[in-house]
There are 2 protein chains.
Amino acid sequence: MRARSDLLSGAGRPSEARRSRPKQAVPRMAPAQRKAMLLARASDFFAEYGLTAQTRALAEACGVAQRLIYRYFPSKAALLQEVYEEAIVAPFKAVWLVRLRDRSQPFETRLQEFYHNYYDAVLTRKWLRLFLYASLAEARMAPDYIQAIIVEILETIVVEAAHAQQVELPSGRDLRNEIGWMLHGAVSHFAIRRHLYEASRRVEVERILALHIRCFVTGFAAMAAEARACEGTT
Amino acid sequence: MRARSDLLSGAGRPSEARRSRPKQAVPRMAPAQRKAMLLARASDFFAEYGLTAQTRALAEACGVAQRLIYRYFPSKAALLQEVYEEAIVAPFKAVWLVRLRDRSQPFETRLQEFYHNYYDAVLTRKWLRLFLYASLAEARMAPDYIQAIIVEILETIVVEAAHAQQVELPSGRDLRNEIGWMLHGAVSHFAIRRHLYEASRRVEVERILALHIRCFVTGFAAMAAEARACEGTT
DNA sequence: GATTTAATTCGTAAACTGACGACTTATATT
DNA sequence: AATATAAGTCGTCAGTTTACGAATTAAATC
């Protein structure tokens with residue numbers, strides 16, 4: 001049972017394929033450029049076929065010999081590490097936090113802007129697939145940057161919501177974050193549904209995001225009250 | 001790059017290990033029993049190490065020869081198919097729908113009961129891992145039963161919520177389901193976080209479910225209104 | 001206890017996979 | 001145009017991996 005990669009490695013006749021481009025496409029590239037190209041293709045490739053997909057199939061997808069990959073990356077593990085940095089960590093933008101805290105805009109507007117950007121930049125098919133493959137730990141390459149970044153986003157959202165609605169928050173940090181996770185989880189799961197399960201495609205993204213945000217904003221005070229109450233119990 | 005399975009296949013000394021149980025544990029079993037045992041272990045095994053994990057490692061985990069697996073399952077793909085039926089489809093209980101529609105109980109109570117059961121029976125580590133591995137399509141073994149079942153749950157929840165709160169729903173079926181997905185997605189993502197990312201472990205499950213449900217119930221009317229409004233626009 | 005039945009293991013074929021030494025050849029420089 | 005540099009490919013090794021024919025051996029039957 002090979003991974004999905006066998007869909008790729010186009011069946012048979014490697015000799016003919018080789019003979020059909022005898023001295024044509026041999027586009028020799030500068031190292032930096034070539035490495036960037038390999039990395040870009042690799043992130044697409046592993047997102048599609050999983051972290052266990054083979055270097056041979058990747059090389060084929062890049063139109064180069066398998067050996068060339070090892071000129072630019074010492075091992076497959078090292079390549080995966082760079083894929084992780086480039087395709088998982090890099091999409092997060094620091095500006096988002098600043099904009100979320102910009103109280104000159106109404107809170108719900110800020111939320112909409114944020115999740116619009118977040119959905120487009122982070123919650124892509126490629127990002128989700130790589131992140132899930134990594135989390136399922138075919139290789140434990142995912143450190144906890146990501147969780148740390150997301151938690152900071154959650155804290156910001158919850159604090160801003162409380163400020164906007166003049167609501168008192170529970171004192172416990174974890175409980176506070178769980179309030180934020182309600183919205184963030186709903187949106188993340190929407191993206192998973194859409195990009196992985198190929199579902200929820202009939203209604204426009206913007207409408208669904210607006211729906212989720214509206215529910216969160218409306219239910220926020222009730223959540224905070226419930227959280228404070230159960231905090232008293234403990 | 002092997003999958004996580006290499007954590008398993010306990011390093012070295014196979015000969016010694018074999019000699020150390022020379023005629024002891026050779027528990028010959030009736031076919032039906034043996035097959036059930038293999039299937040049960042296989043679902044745990046593939047949930048942990050991914051659908052690309054090896055039959056040899058599985059056999060070792062079962063304490064039998066690798067060849068024996070092929071006596072009960074014609075191929076690895078067939079085995080995976082049975083794992084899917086047993087571990088992904090089977091946990092869904094038809095009673096849940098009945099209980100959700102039992103209007104002798106308050107709606108929020110029904111929701112709590114349902115998500116309590118659903119979280120315990122479906123949203124387990126094992127189920128989530130298998131479902132995600134399948135969805136990521138190392139093998140396309142996931143048909144659409146699951147989506148169909150979940151959509152029926154969503155429809156029920158949304159209709160019951162509208163009835164409980166005397167709220168008018170949008171006419172579009174897809175839009176209606178998206179309202180239900182807000183809660184269902186939030187809860188599902190909570191389970192993913194907890195079982196896959198090993199996060200959100202400090203607050204008790206019940207509290208978090210109650211929080212999400214409270215937000216949904218409180219925000220429901222606002223969502224329905226928003227959905228009806230944007231329906232008018234289209 | 002001898003005989004049969006079938007559950008279980010052994011051993012291996014054929015294909016696959018990460019890694020790399022040695023060779024080829026495009027391109028820039030003189 | 002000759003030369004040097006290094007980008008890129010060939011071929012292969014060692015270890016895996018699915019799958020299966022053939023040999024073992026525990027237990028049921030008489």
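So that the names make sense, note that chain A is the first sequence line, chain B the second, and so on, each numbered from 1.
The separation between B:Arg67 atom CZ and D:dT24 atom P is 16 Å, rounded to whole Å. For the pair A:Lys76 NZ and C:dT17 C1', the computed distance is 9 Å after rounding to whole Å. Put simply, CD on B:Gln66 is 14 Å from P on D:dG21, counting in whole angstrom units. Residue B:Glu60 contributes atom CD, which lies 13 Å from atom P of C:dT9 at whole-angstrom precision. We find that CD1 of A:Ile69 is positioned 13 Å from P of C:dT17, with the value rounded to whole Å. Look at CZ on B:Arg71: it is 15 Å from C1' on D:dA19, rounded to the nearest Å. For B:Phe46 and D:dT17, the CZ to P distance is 12 Å, given to the nearest whole Å. One can place CZ of A:Arg28 at 10 Å from C1' of D:dT5, the figure rounded to the nearest angstrom.
Taking only side-chain atoms of A:Ser75, from C-beta outward, the nucleotide of D:dT9, C:dA19, C:dT9 with the closest atom is C:dA19. Each of C:dA19, D:dA7, C:dT9 was ranked by its minimum atom distance to the side chain of B:Leu68; first place goes to C:dT9. The A:Ala65 side chain lies nearest to D:dT9 when the options are D:dT9, D:dA7, C:dA19.
With a 6.0 Å radius and a threshold of 12 heavy atoms from other residues, nucleotides or ligands, A:Arg202 has its CZ atom at or below the threshold. Counting heavy atoms of neighbouring residues, nucleotides and ligands inside a 6.0 Å radius, atom CZ of A:Arg201 exceeds 12 of them.
Taking the six-membered ring where the residue is Trp, B:Phe190 and B:His212 present perpendicular rings, their angle passing 60° and hence far from 30°. Ring pair A:Phe131/B:Tyr197 is perpendicular by interplanar angle, where above 60° counts as perpendicular and below 30° as parallel.
Residue contacts shown for A:Phe73 are absent, as no nucleic acid heavy atom lies under 4.0 Å away.
Residues B:Ile149 and B:Trp96 are not in side-chain contact: their nearest non-hydrogen atoms beyond the backbone lie 4.5 Å or more apart.
For the OP1/OP2 pair of C:dT8 and a distance below 4.0 Å, the side-chain nitrogens and oxygens of B:Tyr72 include at least one atom meeting the criterion. At the phosphate of D:dA19, OP1 or OP2 sits under 4.0 Å from a side-chain N or O atom of B:Tyr70.
Not a single donor-acceptor contact under 3.5 angstrom links the side-chain atoms of A:Arg34 to the base of D:dG8.
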